[in-house]
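Counting starts at 1 for both ligands and their atoms, following the listed order. Side chains are part of it too, since the values below use all heavy atoms of this structure and drop only hydrogens, waters and symmetry mates.
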Amino acid sequence: MIKTERKYPGFIRPVWEMTMASKSEKKYRKIKRTHIGVSIIEFVLFAVIAAAMISLTFFRFTSYIVNTKLDSEYESIRRTALLYEKAVSDDDDDLFEYIKGEGRAFIVTGPDGSIVDSFGENTCSDKGSSIFISSAGERITAYADTEKDFIYPLENGGIGISYTRFHEWINSDIEPGNEHIEHVMNNARYLELPLWVSVDIADGDMHFTARASAIANRTDVLIIITAVGAIAVFVAFILITMLVSAIRNVVRQRRMLDLFFKDIVTEGHNWTWFLVMGERELKKSVNSRHKYAVVNFVLMNYRNYCVCHSLKEGEKLLCRIYRSINASLKRGEKCAHTTSSNFALLLKYDNEQELAKRLQDLIGRLEKIDDDHRFAFQAGISLIDRAVDGNGAAVSRKNIDIDTEYNNASMARNSLGDSDDSGVVFFDDRLKEEQKWLDAVQERQQRAVDNGEFLVYYQPKYDPKTNVIKGAEALIRWDSPEFGLVPPGKFIPIFEKNGFITTIDHYMLRHVAADQKRWLDLGYKCVPVSVNVSRAHFIENDLAEQVRDMVDAAGTPHELIEIELTESAFFDDKKALLNTINRLKNYGFAVSMDDFGSGYSSLNSLKDMPLDVLKLDAEFFRGESEGGRGETVVSEAIRLGKLLDMKIVAEGVEVKEQVDFLAGEDCDMIQGFYFAKPMPVNEFEDKIKPDLAASGTGAAAGEMPGQEEVTDG
Ligand code: C2E
Ligand code: MG
Ligand code: MG
């Protein structure tokens, strides 16, 4: 079987167009995607933003403090530069001395960049100068210090801070005695951050470049640490919260996947998992040389086992079976517990015999899974590589609907019927046809009733001695516009299974009662007509009252209606059955046992049930009767019935010798093709019309209507 052909682009394919497996796959992906995906994205995004925020704050804040600190230094250098300019123009040695006395290192460069004067240690970097804008908005050229280039001017103004340099510097000067290190290491009160600042003098021909020092003390460091620390703590808190939530999501997702895929009974995989993983496996192995089969594997009589040993024990047993099956799987094969004692398997195989043998061996092992018990298992197999579409073309493995295949496998398994023995069966075309027929009937059943497609045929029952009609049986036919005239054997068993038989029995009873009333009013020679009532119907407590009410509604005398019960009905609740039979009899209906002798002996039922009519099954009159053994059985059955005060009807009589024999044995009526086949209402009416009776040519007048041509079925 295949999936519905694609009519929609994937993403807008409506839900009803999707297979169970696709729906499950979609949900599975959704569960996986939502939780982990969102959490990871959230976490990473926030971490990046937080890192950027912290760095930016730290840089900006530090740079602001350093800048502020340096501001007064710029002022002082500018003033010194002006003094120097004045000292040069006045050639004022005292002023030179005064400037040097300030102790600030400086260099003076000429127009060609050569140093014309200097004081103190020259640690001014020759590169990296750029335009530096002081907090007063002045443009100053600044240079990093070659020795302590912790800070440097930035291209766009402001001050850059080199943490790498700090780090190197701290690590390289770790020896005790180093004053800077000691400052840093022993909670120093200050840290010097030098920067060389250049001021133009002599109308821009010369540059006075002096060392400016920002002194960062403990308070500054504390302010920075506190500000950045507060943000960092806040960010860390959010990150931890997010991490916890992400972990929680992952755990929750795992739990959801567990719920989605885990079977509660066996703790193994469930049906949804089978659908998703099974289809994935098939898609993955499109080109594999292995063939695949879907199997419905069932432990029989599981409910009985649970009743006898408790549900808990039953579930333990299922667990063991599940584990055992799982252990026997090859790579890529799947097994899941679906419902009750059903397991779904996806197996690889090379040829069918080998697959059947493998399953039989598995069953053989599992039958002995418990020392004290012998279990039975049944397996239905659907070979997916045999799947064909509506036109009979092979279906590609990637288009296989695993759900449908499992359904086919289950159907094959069901075809083993009521048998509780172990067995392995393949899904084949016959089963497929049966399934199609079953669907067709079930789909049309109610419409057929509404449209009056079900017809009542009557088969007369004759007195073999006088050839007079003494009764009739109402038999259903389905006059289907599509399938033609369908015999009851093709749909009654279906209705018996699906419960629609109750509707059919009512339908027949109402029609028969109405016909009888009409014939009575027309003055026809009415004979009792028997109506088949299914075993399923007999379960209803008020069946007798239902029959009475329906017959009364038509205004038909009760003695004209007989109720036929099949032999199998007598194996049900005997007490209830006896009760219903008694009530029917009290209302004046005759009750007969249909098909007596067809199944197991119903002699016991004869003993218990006060029945009016015994209908000998047609099988008594089939085949060769060796040495009159058959005749002996029939004559003894008739004698027994008579002794129990019952009327005897022989069914399925087709030849004259049988009629003569039955007449000799005092059989009351014969219902068989020898006299008449089941016939439509109008034909039956012809046989009971009074004018025929008056003219003396009909059966009603006591004559046989002429032997019917005997054909099979
Ligand atoms: P049944 O109640 O035992 O009906 C007798 C069946 O034997 C009828 O088959 C009838 O046509 C067939 N028969 C009678 N004489 C001969 C004969 O000489 N030779 C052969 N070969 N067959 C003979 P039919 O009509 O096909 O019905 C089959 C069964 O379907 C019935 O067996 C009955 O169990 C069920 N059925 C028919 N109509 C109804 C109905 O309205 N309600 C229920 N619940 N079951 C029905
Ligand atoms: Mg019958
Ligand atoms: Mg019968």
Side-chain angles (χ1 to χ4, degrees), residues 445 448-449 453-462 464 471-479 485-513 515 528-540 543 546-547 550 561-570 590-599 602 611-623 637 648-659 662 669-681 683-684 707-713:
Q445 58 191 31
V449 168
E453 290 170 22
F454 290 112
L455 306 178
V456 185
Y457 269 45
Y458 290 92
Q459 185 177 28
K461 298 169 189 167
Y462 287 89
E473 177 174 7
L475 293 160
I476 196 167
R477 297 290 180 268
W478 179 16
D479 188 13
L485 201 64
V486 187
K490 293 200 78 177
F491 56 89
I492 290 290
I494 297 176
F495 293 163
E496 273 174 345
K497 271 198 186 144
N498 71 12
F500 196 66
I501 194 70
T502 317
T503 310
I504 289 296
D505 286 350
H506 284 169
Y507 179 93
M508 291 295 281
L509 193 63
R510 260 198 301 269
H511 277 74
V512 170
D515 283 347
V529 173
S530 57
V531 179
N532 291 286
V533 174
S534 144
R535 165 193 191 163
H537 209 146
F538 251 79
I539 296 166
E540 292 181 15
L543 175 71
Q546 288 179 29
V547 172
M550 272 186 275
I561 301 291
E562 185 181 311
I563 300 298
E564 281 194 22
L565 265 174
T566 51
E567 199 193 31
S568 60
F570 293 87
V591 184
S592 56
M593 183 194 276
D594 200 0
D595 304 338
F596 175 73
S598 64
S602 45
L611 298 161
D612 303 291
V613 183
L614 191 65
K615 295 188 79 179
L616 301 182
D617 190 67
E619 275 308 306
F620 281 119
F621 311 102
R622 298 281 168 271
I648 312 296
V649 178
E651 276 189 306
V653 176
E654 294 182 352
V655 292
K656 184 163 181 346
E657 291 72 38
Q658 290 169 343
V659 177
L662 289 165
M669 280 173 262
I670 288 181
Q671 177 188 345
F673 289 1
Y674 175 77
F675 287 110
K677 283 182 177 177
M679 58 191 76
V681 183
E683 279 181 38
F684 182 68
Q707 189 186 326
E708 298 276 333
E709 194 187 326
V710 178
T711 52
D712 282 337

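For the Mg ion (ligand 2), protein N, O or S atoms closer than 2.8 Å were enumerated as E473 OE2, N532 OD1, E564 OE1, D594 OD2, with waters left out.
At a 3.5 angstrom cut-off on N or O pairs, E496 does not count as close to ligand 1. Taking only nitrogen or oxygen atoms, main chain and side chain alike, Y674 does not reach within less than 3.5 Å of ligand 1. Note: no N/O pair closer than 3.5 Å links L475 and ligand 1 by distance alone. For ligand 1, the polar-atom distance check finds an N/O of I476 within less than 3.5 Å of one of the ligand's N/O atoms.
Taking the six-membered ring for Trp, F500 and F491 have ring centres at least 6.0 Å apart.
For the side-chain contact (heavy atoms from CB on, under 4.5 Å) with Q445, the qualifying choice from T503, N498, I504 is N498, the only one to do so.
By the 4.0 Å N-to-carboxylate-O rule, E651 lies too far from K461 to be salt-bridged with it.
For V653, every heavy-atom contact with ligand 1 shorter than 4.0 Å involves the backbone, none the side chain. When non-hydrogen atoms are compared, ligand 1 lies under 4.0 Å from neither the backbone nor the side chain of K677. At a 4.0 Å heavy-atom cut-off, ligand 1 does not touch K490 at all.
One distance of note links CZ of F621 with CD1 of I670; it measures 7.5 Å at 0.5 Å rounding.
Using modelled atom types, one finds a donor on one side chain and an acceptor on the other under 3.5 Å when comparing E564 with S530.
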